[in-house]
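Predicted model, so just to flag it, every value in this text is computed and none were measured. These numbers come from the heavy atoms of this one structure, side chains and all, not from hydrogens, waters or symmetry mates. Chain A is the first sequence line, chain B the second, and so forth, proteins listed ahead of strands; every chain is numbered from 1.
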Protein chains: 2
Amino acid sequence: MDYTIGEVAQLSSVSERTLRYYDELGLVCPKRDRQQLYRLYSKEDLKRLQTVLFYRELDFDLATIKAIMEDSGFSIVQALEDQRQRLLAKRSRLDNLLHTLETTIAEQRGETTMTDKERFEGLKKSLVEENEKKFGKEIRTRYGEETVAKSNAQMMGMDEKTFNEMQELSTLLLEKLVEAEKSGDCRSPLARQVAMMHKQWLAYTWPSYNAEAHANLVRMYVDDERFNAFYLGKAAFLRDAVLALLDERQA
Amino acid sequence: MDYTIGEVAQLSSVSERTLRYYDELGLVCPKRDRQQLYRLYSKEDLKRLQTVLFYRELDFDLATIKAIMEDSGFSIVQALEDQRQRLLAKRSRLDNLLHTLETTIAEQRGETTMTDKERFEGLKKSLVEENEKKFGKEIRTRYGEETVAKSNAQMMGMDEKTFNEMQELSTLLLEKLVEAEKSGDCRSPLARQVAMMHKQWLAYTWPSYNAEAHANLVRMYVDDERFNAFYLGKAAFLRDAVLALLDERQA
DNA sequence: TATACACCCTCACGTTACGTGAGGGTCAAG
DNA sequence: CTTGACCCTCACGTAACGTGAGGGTGTATA
C-alpha cells in the first residue's frame with residue numbers, strides 16, 4: 001500500500017517541499033504513478049526516510065547522509081546502532097548543557113561563581129561533530145562507513161584528559177612538521193619523528209593500526225586542500241615522511 | 001578585563017564571523033578600541049553571548065532571540081528559567097526519539113512491529129516549536145515575553161489527549177467560522193458560538209483568561225496575514241464575532 | 001629601518017536546506 | 001461544466017553563516 005506525498009508529509013511531519021528535495025537529491029526516491037506522475041511512497045521508502053530523519057536530527061548534512069547510505073557496506077541495522085550511540089552522546093551533551101545552565105542560574109542568585117571558560121561548557125560541538133561537518137563525506141567515500149563509525153565511536157568515548165593529550169600531540173606534531181620540512185629531507189631523524197607522532201596521533205581514534213590505511217590517509221591529505229591546510233600546506237612532506245617510515249618498517 | 005574577538009571565539013567556540021554577525025544584528029555589541037576599532041568584549045558581553053547561545057541551541061532564530069532580549073520585561077534570570085524548561089522539554093523529546101530508535105532496532109530483529117505512524121514518533125517538532133518558528137517574534141513584540149513564556153510552559157506540559165482535544169476544537173472552530181461568515185452577521189447565534197469556541201481554545205494555552213487580551217489578539221489576527229491565512233481569510237469576521245461577544249458580556 | 005608575523009577590520013560572493021508562490025494538469029463530486 | 005482536492009515543475013528568496021580579498025596597526029627581529 002503506497003502513500004502519496006501529502007500523506008507522507010502528514011505522517012512524518014516533513015514538508016512536501018522537503019520530500020521533493022530529498023527525491024531530487026537521491027535520498028528517498030519513490031516510484032511514480034504512471035498516469036499523473038504522482039510520487040508513490042512504499043513502506044521501504046518510509047523506512048529509508050526515517051533513517052534520513054534520524055541522521056538529520058543528528059545534524060548531518062544531506063550530502064553526508066547520502067554518502068553514508070550509498071556506501072557499499074551500508075546496512076540499516078548498522079546505521080541504527082550508529083545513530084543510537086550518537087543520540088546517547090547527544091543526550092550526554094544536553095545534560096552537560098543543563099548543568100551549565102543551572103550553574104548560571106545559581107550564579108545569578110549569588111550562590112556560586114563561574115569562570116568565563118565554564119560559561120560556555122556544553123555549548124561547543126564535540127570533536128566528532130566538528131570532523132563530520134568538515135570532512136564527513138569525503139572520508140566516507142574513501143574508507144567506507146564501517147571504519148568511520150568505529151573511529152567515531154572511539155572518539156565519542158574519549159574522556160577529557162585523553163582528548164587534551166591528543167590535542168597537545170596534534171599541536172606539537174604541526175610544530176615539528178614545519179621544522180622538519182625546512183630541511184627538505186623526508187628521511188631525516190626529525191621527519192621520522194614526525195611520522196611516528198602522526199602514527200601515535202592516529203592511535204587515539206583508530207581501533208587498530210594498519211600501515212596501508214596510514215599510507216592511503218597521508219596520500220589523501222595531499223589531494224584534499226582542507227587537509228593540506230590543516231597540515232599548514234605541508235601535507236606532501238608529511239606523506240613522504242610517513243611513506244619513508246613505512247618503507248623502513250618493511251625493509 | 002576585556003577580550004578581543006579572537007579570544008572570545010576561542011573561549012566560546014563561536015567563530016569570529018558569527019560574532020561580527022551578532023554585532024551587526026545588535027545581539028551582542030562590544031565596545032570598540034579607540035585606535036584600531038577592535039571589538040572589545042566585556043564580562044557582560046560574555047553573559048549576553050551565553051544567553052544568545054542557549055537560545056540558539058534551542059533552535060530560536062536570531063530575530064526572535066533579539067526580540068526576546070529587547071523586551072522591556074526581559075531579565076536574564078527569567079530567560080534562564082525559560083531556557084531550562086525548554087532544555088528539559090528537549091531532553092524529553094530526545095528520550096522519546098531514542099525510544100523510537102530502539103523500537104526500530106527491535107523491529108529489524110523481528111522482535112516487534114511498528115505502524116507507519118509510530119516510525120516517526122519523536123521526529124516531529126512540538127507545537128511550541130512550530131509556533132515559535134512561525135510567529136515567535138511578532139507575538140513577543142505585542143504581548144511581551146512573560147505572557148508568551150507562560151503560555152509556552154503550559155503547552156509544553158500538555159499531554160497528548162489534551163493536545164488532540166485542542167486540535168479537534170481548532171478544526172471544528174474553523175468549520176463553524178466559515179459557516180457563520182456566510183451570513184455576514186457577526187451577532188448571529190452561530191457567530192457567538194464561534195467566539196465562545198475561540199475563547200475555549202485559548203483556555204488551553206493561556207494561564208488565565210483576559211477579555212482585553214482576547215480583543216487585542218483577534219485584532220492582531222486581522223493585521224497579520226499569516227494569522228488571517230490560518231483563519232481561512234476570515235480573521236475580520238472572527239474579530240467582529242469576538243468583539244460582539246465581549247460587548248454583550250459587558251452590557 | 002625594513003620585514004615578518006599576529007591579529008583585527010570591512011566587504012562581498014557563495015552555500016545549504018529548504019519556504020513560498022506562480023502556473024498548470026488530473027480526477028471525482030455536484 | 002464547474003469546483004475543489006491534490007499533485008506536478010519551476011524559480012526566486014531567506015537565514016545563518018563560511019570563505020576569501022584587500023587592507024591597517026603593533027610588536028619583535030634582523
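- Ranking D:dC7, D:dA11, C:dT10 by closeness to the A:E16 side chain, first place goes to D:dC7.
- Scanning all heavy atoms of the two residues, the minimum distance from A:F120 to A:D116 falls at CD1-O, 3.3 Å.
- For A:R39, taking side-chain heavy atoms from C-beta onward, the closest of the listed nucleotides C:dG19, C:dA12, D:dC8 is D:dC8.
- OP1 or OP2 of C:dA17 has not a single side-chain nitrogen or oxygen of A:Y22 nearer than 4.0 Å.
- Contact of the B:K90 side chain with the B:R86 side chain is not registered, since no non-hydrogen atoms from C-beta on lie closer than 4.5 Å.
- Distance check: A:D45 CG to A:Y3 OH gives 11.5 Å after rounding to the nearest 0.5 Å.
- Rounded to whole angstrom, the span from the CZ atom of B:F60 across to the P atom of D:dA15 amounts to 17 Å.
- What separates CD of B:E24 from P of D:dA15 is a distance of 12 Å, to the nearest Å.
- Residue contacts shown for A:R20 include a base, since a base heavy atom lies under 4.0 Å away.
- In this structure, the CD atom of A:Q10 is 15 Å from the P atom of D:dA5, given to the nearest Å.
- For C:dC8, the OP1/OP2 oxygens have a side-chain nitrogen or oxygen of B:T4 closer than 4.0 Å.
- When rounded to the nearest whole Å, the span between CG of B:D61 and C1' of D:dG13 equals 16 Å.
- In this structure, the nucleotide among C:dA17, C:dC8, D:dT9 sitting nearest to the side chain of B:Y38 is C:dC8.
- Toward the 5' end of DNA chain D, the nearer of the two residues A:R17 and A:L40, judged by each one's closest nucleotide, is A:L40.
- For A:L62, the listed nucleotide lying nearest its side chain is C:dC18; candidates were D:dT19, D:dT9, C:dC18.
- Across the protein-nucleic acid pair, A:D33 atom CG and D:dC6 atom P stand 16 Å apart, rounded to whole Å.
- Distance CG (A:D59) to P (C:dT16): 16 Å, rounded to an integer number of Å.
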Evaluate salt bridge (charged side-chain N to carboxylate O under 4.0 Å, His left out) for A:R20 paired with A:E24, printing each intermediate quantity in order.
CA-CA 6 Å; A:R20 289 191 191 101; A:E24 182 184 318; over 6 Å; no
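- Considering only side-chain N and O atoms, B:R56 lies under 4.0 angstrom from the phosphate OP1 or OP2 of D:dC17.
- One finds a side-chain N or O of B:T18 lying less than 4.0 angstrom from the OP1 or OP2 phosphate oxygen of D:dG18.
- A:I65 places its CD1 atom 12 Å from the C1' atom of C:dT16, with the value rounded to the nearest Å.
- When each of D:dT9, C:dC18, C:dA17 is scored by its nearest atom to the side-chain atoms of A:R32, the top-ranked nucleotide is D:dT9.
- Which of D:dG18, C:dT20, D:dT9 sits closest to the side chain of B:S15 comes down to D:dG18.
- Candidate nucleotides D:dT9, C:dC18, D:dC17 were compared by shortest atom distance to the side chain of B:Y21, and D:dC17 ranks first.
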For B:D95 and A:R91, what are the C-alpha separation, side-chain angles and deciding distance, and is it a salt bridge (charged side-chain N to carboxylate O under 4.0 Å, His left out)?
CA-CA 8 Å; B:D95 286 338; A:R91 193 166 177 278; 2.5 Å; yes
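- Rounded to a whole Å, the CG atom of B:L19 is 11 Å from the P atom of C:dC8.
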For A:R39 and A:E16, what are the C-alpha separation, side-chain angles and deciding distance, and is it a salt bridge (charged side-chain N to carboxylate O under 4.0 Å, His left out)?
CA-CA 11 Å; A:R39 290 172 173 83; A:E16 292 180 15; over 6 Å; no
